[in-house]
Amino acid sequence: MGDEGKSSETNSFTSAVSLSQIGVAQVPRRFVLPPSEQPGRSLRLNPSNTTTPLPVIDISSLHNPSLRPQVIEEIHVACEELGFFQVINHGIPSTYVNDAINTATEFFNLPSEEKMHLASADVHKPVREKMGNYAKAVQALQKQLMEAVLQSLGLKADYLHEDFEKGSQVMAVNCYPACPEPDLALGIPPHSDYGSLTILIQSQPGLQIMDKNKNWRPVPLIEGALVVQVGDQMEVMSNGRYKSVLHRATLNKERTRISIASLHSLPLEKKVGPAPELIDDEHPLAYNEGSLKSFLDHISGNDVRKKGRYIDTLKRSP
Ligand SMILES: O=C(O)CCC(=O)C(=O)O
Ligand SMILES: [Fe+2]
């Protein structure tokens, strides 16, 4: 039993949420990462993570034909440099964003039996309504952003339009309880999202992205802003012009953190390869086709750590 003590609090079936409700003083040892992967350590090793600010793009001018090219250029630079940016003046009412976060918070605060009941039955009406409003608004925003990102690659705004129309949207609602030793553990380990674009909101800071110098950069919480991340599918479509952003969720000592990631992807079985327009002598075909389905097959299985990132399995050797 080691240093975990004898109580049932540290039984491996106990979720991190219920552990925090009980109030443990130490992270159960099974959550402690090897030293090289601990977030506290990598932040100390990379003190430069406060350098250039991360991009925040005002997208209201996407609707103005004479100003649109400027916004698209900003998106191009952000996607090429980081695969990440935040957007402001995006048109989604703040009530939708706040309602989504509050509804998720209320859900995670329920006793576990009630949570199980709601999760197994149909999600009850207020949750569906409030999450639904946000999910629909974010889907509409995603369409506008997708057109802009495609144009920023030099593609037509309606590239693969019919497939995108039939694409999937998955809402990942994450809850990270306060952690007594946040330097030793992570909420979500480093990964990139499979889809084309992810749009994310967070109730507390905690998201970090990796920049080109392999430094972890904390993503600031900006009132009214939404986070946009490039996923693997966009990396493939762009033939590597844009790279999917590696990101992770860190924990904090004081407060529970909620994040809601809206993951947008082409349809489950759709095979996606680099856009023919982006393959030439200077940029030879760099990826094989992949699909959401084969990504899901890749990550389901016990040896996913050994298998590495899905995007790496699609890269063609030079
Ligand atoms: O909690 C976060 O900020 C990150 C969540 C995330 O990366 C995901 O759901 O894919
Ligand atoms: Fe993610």
Side-chain angles (χ1 to χ4, degrees), residues 15-17 20 31 33 37 39 42-43 49 54-56 78-79 82-87 97-98 100-105 107-108 119 131 134-135 138-139 142 145 167-179 182 185-211 216-236 242-265 290 292 295-296 298-300 304-305 308-312:
S15 73
V17 175
S20 85
F31 291 129
L33 293 164
E37 293 170 32
S42 47
L43 278 177
N49 61 44
L54 296 174
V56 179
C79 288
L82 290 159
F84 164 95
F85 53 99
Q86 300 207 58
V87 288
V97 174
N98 296 338
I101 294 274
N102 293 339
T103 307
T105 307
F107 173 77
F108 286 112
M131 277 294 172
Y134 175 68
V138 101
Q139 169 69 347
Q142 183 271 153
L145 284 173
S168 76
Q169 176 187 22
V170 172
M171 303 288 286
V173 183
N174 307 299
C175 174
Y176 310 94
C179 170
L186 279 171
I188 297 193
H191 68 282
S192 55
D193 297 337
Y194 169 68
S196 39
L197 291 179
T198 298
I199 299 178
L200 179 138
I201 47 178
Q202 46 179 348
S203 68
Q204 309 274 323
L207 176 65
Q208 295 186 344
I209 59 159
M210 187 174 266
D211 68 15
W216 285 110
R217 304 278 307 269
V219 174
L221 188 75
I222 300 171
E223 181 68 32
L226 307 178
V227 167
V228 182
Q229 301 186 130
V230 167
D232 293 349
Q233 207 166 62
M234 184 58 74
E235 175 169 338
V236 171
Y242 297 165
K243 298 287 190 303
S244 57
V245 63
L246 209 58
H247 56 283
R248 65 184 188 180
T250 58
L251 300 165
N252 77 78
K253 245 185 163 138
E254 288 84 31
R255 302 177 72 167
T256 296
R257 172 173 177 268
I258 301 286
S259 72
I260 304 177
S262 181
L263 304 139
H264 300 268
S265 163
L292 176 54
F295 165 76
L296 293 173
H298 179 88
I299 58 165
S300 66
V304 64
R305 271 180 90 102
R309 294 173 68 198
Y310 176 67
I311 185 77
D312 291 334

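Please read these numbers as outputs of a predicted model, since none were measured by experiment. In listed order, ligands and their atoms are each counted from 1.
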Problem - T105 vs T256 side-chain heavy atoms within contact, under 4.5 Å - result: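 Not in contact.
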Exercise for the section: Would you check if M234 and C79 make a side-chain contact, meaning some heavy-atom pair closer than 4.5 Å? Expected result: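 No, too far: nothing below the 4.5 Å cut-off.
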Practice task
For the Fe ion (ligand 2), report each protein N, O or S atom nearer than 2.8 Å, sorted by chain and then by residue number.
Solution key: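 Near the Fe ion (ligand 2), the protein supplies H191 NE2, D193 OD1, H247 NE2.
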Practice task
Run through V230, L246, V227 and flag the one making a side-chain contact (heavy atoms from CB on, under 4.5 Å) with F84.
Solution key: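 The side-chain contact (heavy atoms from CB on, under 4.5 Å) with F84 is passed solely by V227 among V230, L246, V227.
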Exercise for the section: Mind checking ring pair (Phe, Tyr, Trp, His ring centres under 6.0 Å) for Y194 and listing every partner two or more places apart, or none if nothing turns up? Expected result: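 Testing Y194 for ring pair (Phe, Tyr, Trp, His ring centres under 6.0 Å), a comparison that skips the adjacent residues, returns F295, Y310.
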To the nearest 0.5 Å, how far apart are [atom1] in [X] and [atom2] in [Y]?
X    : Y    : atom1 : atom2 : result
S168 : H264 : OG    : NE2   : 9.0 Å
Q202 : N174 : CD    : CG    : 11.0 Å
D193 : D232 : CG    : CG    : 8.0 Å

Handout entry: CA sep, side-chain torsions, deciding dist, call: S262, Q169, side chain to side chain donor-acceptor pair (under 3.5 Å)
Key = CA-CA 6 Å; S262 181; Q169 176 187 22; 3.0 Å; yes
Handout entry: With S196 via side-chain hydrogen bond (donor to acceptor under 3.5 Å, both in side chains) - residues at least two apart
Key =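 Partners of S196 under the side-chain hydrogen bond (donor to acceptor under 3.5 Å, both in side chains) test: none.
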So what's ligand 1 close to, N/O to N/O, under 3.5 Å?
from     : atom 1 : to   : atom 2 : distance (Å)
ligand 1 : 1 (O)  : Y176 : OH     : 2.5
ligand 1 : 1 (O)  : R257 : NH1    : 3.1
ligand 1 : 1 (O)  : S259 : OG     : 2.7
ligand 1 : 3 (O)  : R257 : NH2    : 2.7
ligand 1 : 7 (O)  : H191 : NE2    : 3.1
ligand 1 : 7 (O)  : H247 : NE2    : 3.0
ligand 1 : 9 (O)  : N174 : ND2    : 3.1
ligand 1 : 10 (O) : H191 : NE2    : 3.2
ligand 1 : 10 (O) : D193 : OD1    : 3.2

